Number of protein chains: 2
Amino acid sequence: MTATTRTTDTPAAAEPDWLRLDRQICFSLHAASRAFNGVYRVVLKDLGLTYPQYLVMLVLWERGDLPVKQLGEHLRLDSGTLSPLVKRLEAAGLVRRERSAEDERSVRVRLTGEGTTLRERAREVPRRIVAATGFDPAEIADLRDRLDQLTDTLDAAAVAAAAG
Amino acid sequence: MTATTRTTDTPAAAEPDWLRLDRQICFSLHAASRAFNGVYRVVLKDLGLTYPQYLVMLVLWERGDLPVKQLGEHLRLDSGTLSPLVKRLEAAGLVRRERSAEDERSVRVRLTGEGTTLRERAREVPRRIVAATGFDPAEIADLRDRLDQLTDTLDAAAVAAAAG
DNA sequence: CACAATTAAGTTGTGCACAATCGAATCACC
DNA sequence: GGTGATTCGATTGTGCACAACTTAATTGTG
């Protein structure tokens, strides 16, 4: 019943492990990313934030008011993603967007009182997320380091592949 | 460690490392997932496939024709994602959708000749992806295992949190 | 000063993820 | 055999990611 009839004549031996590993790692990373998203969706529901919106708020809480440009640099997101996202945060009353006086091309994202206050209610979030992973801090730190390394290498490879 | 001027009165001691780790791991996973997507975008361009479309084709190449339902189980995706995706594959001439005779609720996704042939051109993809990661197969296998474990734990936690 | 190049946001269009909902087919149970 | 529950898929609506393009402000150079 598991046996769907193989239409191809390709024996398993023709596809070595490392060929299949690729599928595994892309499956796994994709699935892990979405699983994380799912946990954040549940945990952030009370705050009325999505996962990317929470990331933006984290940066603002930590760094203070920032232009959209710098927000994008911290999060590696472009204006096509950030513009509507920040507008939704503004509609929710958490931030205001203000044209800079010195450089009128720039829009500064400023926390409102409500946005600042939300930080208090968000304090429980990290603890709940860490608990949900079932990993201890050392394991998380190790995984994070590997993922960061992977990201750097992949970014460089994508640039090289696009250029070459 | 506190390079930025803290506007809050919260001393660093009140926010232990593991509180900040959360942000790191969510940043890292998010970034790694998008970086992977970027590499696949470049590598799959020639084939005219997106990353999720490639995942669907991988399943079909390996398992043969499948109903949408089982496709979703393999990929952990629901019909809201798969229906339009499969239609785009059909529009590209790679698959056909056929209502099952035994159970008319079910739609079977069948590879066309063109869809089957595409597998040959896709053979180079895994090698290029593995190369782009800069990891050797053992490291990839280890990372994959951790991510799978993480996904399982997170899925369970999301269900538990939603229920409780 | 004038004008080309650059930069910051925003807009448009495509595609993915997922919740909620619906219609049709099937199944279970009386 | 009829009726309620379940299953499959499709659809709708919201939000994110990113490429390509537009607009407006700024900078650099003659």
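On a predicted model such as this, the values are computed, not experimentally measured, just so you know. Values below: every heavy atom of this structure, side chains too, minus hydrogens, waters and symmetry copies. Order of the sequence lines fixes the chain letters, A, B, ..., with proteins taken first and strands second; residue numbering starts at 1 for each chain.
Y40(B) meets the ring pair (Phe, Tyr, Trp, His ring centres under 6.0 Å) test with F36(B), Y51(B), Y54(B); sequence neighbours excluded. Residues that satisfy the side chain to side chain donor-acceptor pair (under 3.5 Å) test with E102(B), not counting sequence neighbours, are absent from this structure.
The residue N37(A) sits apart from the nucleic acid: no heavy atom pair falls under 4.0 Å. The residue E102(B) sits close only to the backbone: its heavy atoms come under 4.0 Å of sugar-phosphate atoms, none of a base.
In this structure a side-chain-to-backbone donor-acceptor pair under 3.5 Å is present from E139(B) to D136(B).
Proximity of T50(A) to L44(A): side-chain heavy atoms (C-beta onward) are nowhere separated by under 4.5 Å. With contacts defined as side-chain heavy-atom distances shorter than 4.5 Å, the pair V56(A)/L77(A) does not qualify.
Regarding L66(A), its CG atom lies at a distance of 15 Å from the C1' atom of dA8(C), rounded to whole Å. Counting to the nearest Å, the P atom of dC18(D) and the CZ atom of F36(B) are 15 Å from each other. The interatomic distance linking K69(A) (NZ) with dT6(C) (P) rounds to 14 Å, in whole Å. E104(B) places its CD atom 16 Å from the C1' atom of dC27(C), with the value rounded to the nearest Å. The distance from atom CZ of R76(B) to atom P of dC18(C) is 11 Å, rounded to the nearest whole Å. The interatomic distance linking E98(B) (CD) with dG9(D) (P) rounds to 14 Å, in whole Å. In this entry the distance linking CG of L44(A) with P of dA17(C) reads 20 Å, nearest Å. Residue R108(B) contributes atom CZ, which lies 10 Å from atom P of dG9(D) at whole-angstrom precision.
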Would you list the atom pairs, donor with acceptor, under 3.5 Å between side chains in residues 103-115 of chain A and any protein atom, with sequence neighbours excluded?
from	atom 1	to	atom 2	distance (Å)
D103(A)	OD1	R105(A)	N	3.0
D103(A)	OD1	R105(A)	NE	3.1
D103(A)	OD2	R105(A)	NE	3.4
D103(A)	OD2	R105(A)	NH2	2.8
R108(A)	NH1	D65(A)	O	3.0
R110(A)	NE	E98(A)	OE1	3.1
R110(A)	NE	E98(A)	OE2	3.0
R110(A)	NH2	E98(A)	OE2	3.4
T112(A)	OG1	G93(A)	O	2.7
T112(A)	OG1	L94(A)	O	3.1
T112(A)	OG1	E114(A)	N	3.4
T112(A)	OG1	G115(A)	N	3.0

Which donor-acceptor pairs under 3.5 Å do the side chains of residues 150-158 of chain A make with protein atoms, sequence neighbours left out?
from	atom 1	to	atom 2	distance (Å)
T151(A)	OG1	L147(A)	O	2.9
T151(A)	OG1	A32(B)	N	3.3
T153(A)	OG1	Q149(A)	O	2.9
D155(A)	OD2	R76(A)	NH1	2.8

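The pair D142(A)-R146(B) counts as a salt bridge, with a side-chain nitrogen and a carboxylate oxygen less than 4.0 angstrom apart. We find that E90(B) and K87(B) are not joined by a salt bridge, their nearest charged nitrogen and carboxylate oxygen being 4.0 Å or further apart.
Comparing A101(B) and P67(A) by the nucleotide of DNA chain C that holds the closest heavy atom to each, the one mapping nearer the 5' end is P67(A).
A donor N or O paired with an acceptor N or O is not found under 3.5 Å between the base of dT26(D) and the side-chain atoms of R105(A).
Of the candidates dC18(C), dG9(D), dT26(C), dC18(C) carries the atom nearest the R41(A) side chain, counting heavy atoms from C-beta on.
Interface residues of residues 26-34 of chain A facing DNA chain D, ordered by number: none; criterion, heavy-atom separation under 4.0 Å.
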Heavy atoms under 4.0 Å is the rule here; annotate nucleotides 10-15 of chain C 5' to 3' with B where the base is hit, S where only the sugar-phosphate is, and - elsewhere.
-> BB---S
